[in-house]
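Chain identifiers are assigned alphabetically (A, B, ...) following the order of the sequence lines, protein sequences preceding nucleic acid strands; residue numbering begins at 1 within each chain. Just so you know, these numbers come straight off a predicted model, no measurement behind them.
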Amino acid sequence: MSQKKFYITTAIDYVNSIPHLGTAYEKIGADALARFMRMDGYQVHFQMGNDEHSVNVLKAAKEKGLEPKVYCDEMRGKFTEIWQKLFISYDDFIQTSEPRHHKASQKLFEVLKESGDVFKGDYEGWYCESCEAFYTEKDLVNGECPHHKSKPKWLKEKNYFFKLSKYQQPLLEYIQQHPEFILPEIRRNEVLGLLKQGLEDISISRAGFPWGIPVPNDPEHALYVWFDALINYLTAVGYGADEKKFQEWWPATIHIIGKDITRFHCVIWPAMLMAANLPLPKTVFGHGFVYLRGEKMSKTLGNVVTPLDVINSYSPDSLRYYLLRTSSFGADGNFTWEDFIKRYNADLANDLGNVLNRSLGMAKKYFEGKISKGEEKPEDKLLIEKAKETAAKVRKAMNYLNGDLDYHLALEAIWDLIGTTDKYIDSSAPWTLKKNNQEERLKQVLHNVFNSIRLIGMWIFPFMPDTSKKIYQQLQIPFPNHFSESENWDIMPDEHPLGEASPLFPRIEMNPGNS
RNA sequence: UGCGGGGUAGAGCAGUCUGGUAGCUCGCCGGGCUCAUAACCCGGAGGUCCUAGGUUCAAAUCCUAGCCCCGCUACCA
């Protein structure tokens with residue numbers, strides 16, 4: 001029986017600097033979804049990578065005195081090291097300088113050329129090398145690039161063009177007929193507005209650029225960086241190389257991208273696919289940005305907080321939790337050290353960590369760590385019902401077809417279960433049961449508590465995989481492969497020996513903020 | 001200029017679509033408990049819901065006008 005496929009991608013990143021918090025946010029968000037779908041029984045291909053054919057990359061390499069390819073391979077190591085530290089469970093990591101990608105890009109170019117949607121024409125204009133972009137007169141500020149405050153060059157060259165204008169109407173119709181194609185809805189409305197303004201044909205190559213994918217049969221020209229970048233989603237699943245694999249995985253189920261590049265993924269990319277007669281990705285999801293104390297983070301501006309700052313000071317999972325808990329994936333979020341520490345202590349140390357710790361403490365003290373079923377009571381229902389409700393809420397929050405990826409609501413629901421478990425402990429008062437020698441009732445209370453913790457530990461897996469595993473270690477239960485194996489209440493075996501308690505998130509007592 | 005988001009307790013936010021006693025988290029104050037990471041549980045104080053008009057029996061919520069903040073405006077996720 002073949003499993004249902006789920007092909008998820010993130011945007012590929014420029015390698016002129018190492019990942020900052022915003023880049024990490026995207027990968028963490030995508031990872032949460034990928035993990036959730038795997039646990040929910042899908043066969044997942046989670047694709048990531050680096051975007052290398054850029055002028056800025058070439059410059060960065062030169063500054064270090066390295067060949068671009070050598071530099072890019074070095075950066076790959078730096079990127080993947082961070083992704084692995086953050087437990088990003090990607091299945092494949094592509095570099096656009098790889099031969100497989102050159103072949104796929106060239107193939108797509110040829111297909112488009114044959115279909116007549118790629119043609120040669122004149123292009124001229126003000127060109128900013130930092131932006132790798134042409135600007136019109138009115139875009140310039142005092143004759144300078146609005147982003148880099150540097151004087152652009154007047155360039156004129158023969159380029160290859162893509163007939164984007166031809167796809168204005170088909171795209172409009174497609175987007176209107178497929179509301180799930182662009183999410184959240186606000187991004188969709190933006191793109192629709194854009195399309196109504198009209199589309200112009202766009203240049204897709206550069207003459208004499210040494211660091212790029214050569215245009216087939218015209219090696220003086222290289223493909224323009226974003227043109228080849230988009231094609232990575234095809235390359236990764238075997239386009240032009242492994243037809244069987246390609247048929248299996250394409251189209252992508254969801255592209256996770258930043259809200260600033262919806263133009264490429266929701267207009268140019270689908271137009272390219274239409275031109276090549278390939279199916280379109282099911283969904284393009286434009287997530288929000290992370291702001292640092294309200295100030296936008298940017299590689300160009302240099303006010304960057306790296307994920308390593310947080311990982312090294314605290315833990316990968318605490319960063320994952322913080323970023324996913326604050327708002328929905330579609331909306332913008334904030335990062336401040338003060339807020340991070342607050343959440344860490346309140347949610348991770350006091351709630352999640354403590355509920356496990358106190359429960360293990362009781363199990364050890366009252367039953368030497370071995371728990372069994374005992375005497376049930378009607379008031380147990382409340383906790384059991386809450387656990388069921390949690391599953392439903394998490395599933396609902398993760399279903400992006402509702403319009404957004406509500407990680408914050410999923411986590412809120414799980415934390416509600418943690419709170420209910422704490423209340424259940426307090427109202428059942430195991431210490432009093434012990435004093436009154438109500439052994440059987442005491443057994444059942446702990447049995448229920450650990451069932452609840454077991455489920456909490458499972459539901460947090462997509463968001464905090466490392467913590468999830470640690471909880472299962474302390475419970476001495478093998479981690480399930482799928483939610484369905486362990487979703488039901490009451491599957492703790494009798495006489496189950498629990499493991500040793502160890503704080504998951506030691507409280508942060510100092511104020512080491514340095515933002 | 002255009003498009004979009006937002007202005008609700010000290011802080012961060014939900015509620016606005018589908019009007020009907022203003023809610024959550026953190027912080028603060030008081031109490032409880034002792035299994036736990038000075039944790040957890042219970043209770044409390046604290047709000048002109050940006051402003052001015054309007055509709056309505058009733059407006060944070062709908063309508064009109066205005067003020068203020070913040071994004072995006074062709075390639076920074």
Side-chain angles (χ1 to χ4, degrees), chain A residues 10-14 16-17 19-27 29-30 51 54 56 128 130-136 139 146-147 186-187 189-190 193-194 197 199-200 202 224-227 229-230 256-265 267-268 286-291 294-302 304 325-327 331-332 334 336 338-339 341-343 345-366 408-409 412 415-416 418-419 421-427 429-432 434 446 449 501-509:
Chain A
T10 64
I12 54 177
D13 299 302
Y14 276 138
N16 46 330
S17 64
H20 58 108
L21 216 47
T23 323
Y25 181 54
E26 173 172 303
K27 313 311 170 194
D51 186 6
S54 132
N56 286 331
C128 172
S130 297
C131 299
E132 295 169 64
F134 278 97
Y135 285 105
T136 61
D139 290 328
H147 295 98
I186 170 157
R187 303 274 104 80
N189 291 337
E190 279 170 12
L194 202 89
Q197 284 170 34
L199 296 176
E200 286 173 23
I202 47 170
Y224 201 4
V225 56
W226 57 257
F227 182 79
L230 288 165
I256 303 284
I257 59 159
K259 64 178 185 179
D260 57 329
I261 52 174
T262 45
R263 188 180 299 270
F264 295 93
H265 286 78
V267 178
I268 300 175
H287 63 77
F289 285 150
V290 178
Y291 295 94
E295 198 180 339
K296 194 181 172 193
M297 277 186 282
S298 132
K299 290 175 192 173
T300 319
L301 292 175
V304 167
R325 177 63 202 253
T326 316
S327 54
D332 293 338
N334 272 292
T336 70
E338 193 191 350
D339 202 35
I341 290 167
K342 216 187 252 179
R343 280 251 177 234
N345 279 339
D347 298 356
L348 299 178
N350 297 351
D351 292 340
L352 177 60
N354 187 244
V355 79
L356 173 67
N357 208 242
R358 70 189 299 206
S359 305
L360 285 170
M362 286 186 282
K364 187 167 188 182
K365 187 160 179 179
Y366 303 145
H408 67 310
L409 294 184
E412 198 178 288
W415 255 253
D416 192 22
I418 294 173
T421 307
D422 268 329
K423 288 181 196 32
Y424 176 75
I425 293 172
D426 272 73
S427 60
W431 42 92
T432 306
K434 178 69 183 175
L446 289 187
V449 165
S502 161
L504 296 170
F505 297 95
R507 277 183 66 87
I508 303 170
E509 300 297 350

Inspect the contact between Asp260(A) and Arg187(A) and indicate whether a charged nitrogen and a carboxylate oxygen are less than 4.0 angstrom apart. no
With a 4.0 Å cut-off on heavy atoms, is Ile186(A) in touch with a base, just the backbone sugar-phosphate, or nothing at all? sugar-phosphate
Determine the Euclidean distance between corresponding P atoms of G6(B) and C13(B); express it in Å to zero decimal places. 12 Å
Testing the basics here: between Leu504(A) and Leu356(A), what is the closest heavy-atom pair and its distance to 0.1 Å? CD1-CD2, 3.8 Å
Side chain of Asn354(A) only, please: which of A77(B), C41(B), U37(B) is the nearest? U37(B)
Lys423(A) side chain, from C-beta outward: closest of A77(B), C42(B), C40(B): C42(B)
Suppose you measure atom C1' in A65(B) against the same atom in C28(B); what distance do you get, rounded to whole Å? 40 Å
Nearest to the side chain of Met362(A), heavy atoms from C-beta on, is which of C76(B), C35(B), C13(B)? C35(B)
Is the Trp226(A) ring parallel, tilted or perpendicular to the Phe264(A) ring (thresholds 30°, 60°)? tilted
Separation of the C1' atoms in G54(B) and G19(B), to the nearest angstrom: 15 Å
Across the strands shown, which category fits Asp351(A) at heavy-atom distances under 4.0 angstrom: base, sugar-phosphate, nothing? sugar-phosphate
Please confirm whether the shortest side-chain N or O distance from Tyr366(A) to OP1 or OP2 of C35(B) is below 4.0 Å. yes
OP1 or OP2 of C40(B) under 4.0 Å from side-chain N/O of Asn350(A): yes
Please measure how far the C1' atom in G23(B) lies from the corresponding atom in G15(B), and state the result in whole Å. 7 Å
For C13(B), which nucleotide in any strand shown is its Watson-Crick or wobble partner with both distances under 3.5 Å? G23(B)
Counting C-beta onward and ignoring hydrogens, is there a side-chain heavy-atom pair between Asn334(A) and Val290(A) closer than 4.5 Å? no
Answer with base, sugar-phosphate or nothing: what part of the nucleic acid does Gly353(A) contact at a heavy-atom distance below 4.0 Å? base
By nearest heavy atom, map Lys259(A) and Asp339(A) onto RNA chain B; which one lands nearer the 5' end? Asp339(A)
All side-chain hydrogen bond (donor to acceptor under 3.5 Å, both in side chains) counterparts of Asn357(A), not counting sequence neighbours: none
Could you check Gly361(A) against Arg187(A) and say which one's nearest nucleotide on RNA chain B is further toward the 5' end? Arg187(A)
Using only modelled atom types and a 3.5 angstrom limit, is any donor from either the side chain of Tyr424(A) or the base of C40(B) paired with an acceptor on the other? no
Taking pairing as Watson-Crick or G-U wobble with both contacts under 3.5 Å, can you name the mate of U51(B), or confirm there isn't one? A65(B)
Of the listed nucleotides U37(B), A77(B), C13(B), the one nearest the side chain of Asn334(A): C13(B)
Just compare C40(B), A74(B), U37(B) and give me whichever is closest to any side-chain atom of Arg263(A). A74(B)
Rounded to whole Å, please give me the gap between CZ in Arg343(A) and C1' in A11(B). 12 Å
Please classify the nucleic acid contact of Ala349(A) as base, sugar-phosphate, or nothing, using heavy-atom distances under 4.0 Å. base
For the pair Asp332(A) (side chain) and Phe289(A) (backbone), establish whether a donor and an acceptor sit closer than 3.5 Å, ignoring hydrogens and angles. yes
Could you please name the partner base of G4(B), counting Watson-Crick and G-U wobble pairs only when both distances are under 3.5 Å? C70(B)
Given the rule in the side-chain contact (heavy atoms from CB on, under 4.5 Å) test, do Ile257(A) and Thr262(A) qualify, once you have shown the distances and angles that lead to the verdict? CA-CA 7 Å; Ile257(A) 59 159; Thr262(A) 45; 4.0 Å; yes
Using a strict cut-off of less than 4.0 Å between a Lys/Arg side-chain nitrogen and an Asp/Glu carboxylate oxygen, indicate whether Arg325(A) and Asp339(A) qualify as a salt bridge. no
May I ask which nucleotide in the shown strands pairs with G43(B), Watson-Crick or G-U wobble, both distances under 3.5 Å? C29(B)
Categorize Pro506(A) for me: base, sugar-phosphate, or nothing, with a 4.0 angstrom heavy-atom threshold over every strand shown. base
Distance, C1' atom - from A77(B) to C41(B), rounded to whole angstrom: 43 Å
Check step by step if salt bridge (Lys or Arg N to Asp or Glu O under 4.0 Å) holds for Asp351(A) and Arg343(A). CA-CA 10 Å; Asp351(A) 292 340; Arg343(A) 280 251 177 234; over 6 Å; no
Any protein N or O atoms within reach of nucleotides 27-33 of chain B? Criterion: under 3.5 Å, listing atom names and distances.
| from | atom 1 | to | atom 2 | distance (Å) |
| --- | --- | --- | --- | --- |
| C33(B) | O2' | Trp431(A) | NE1 | 3.2 |

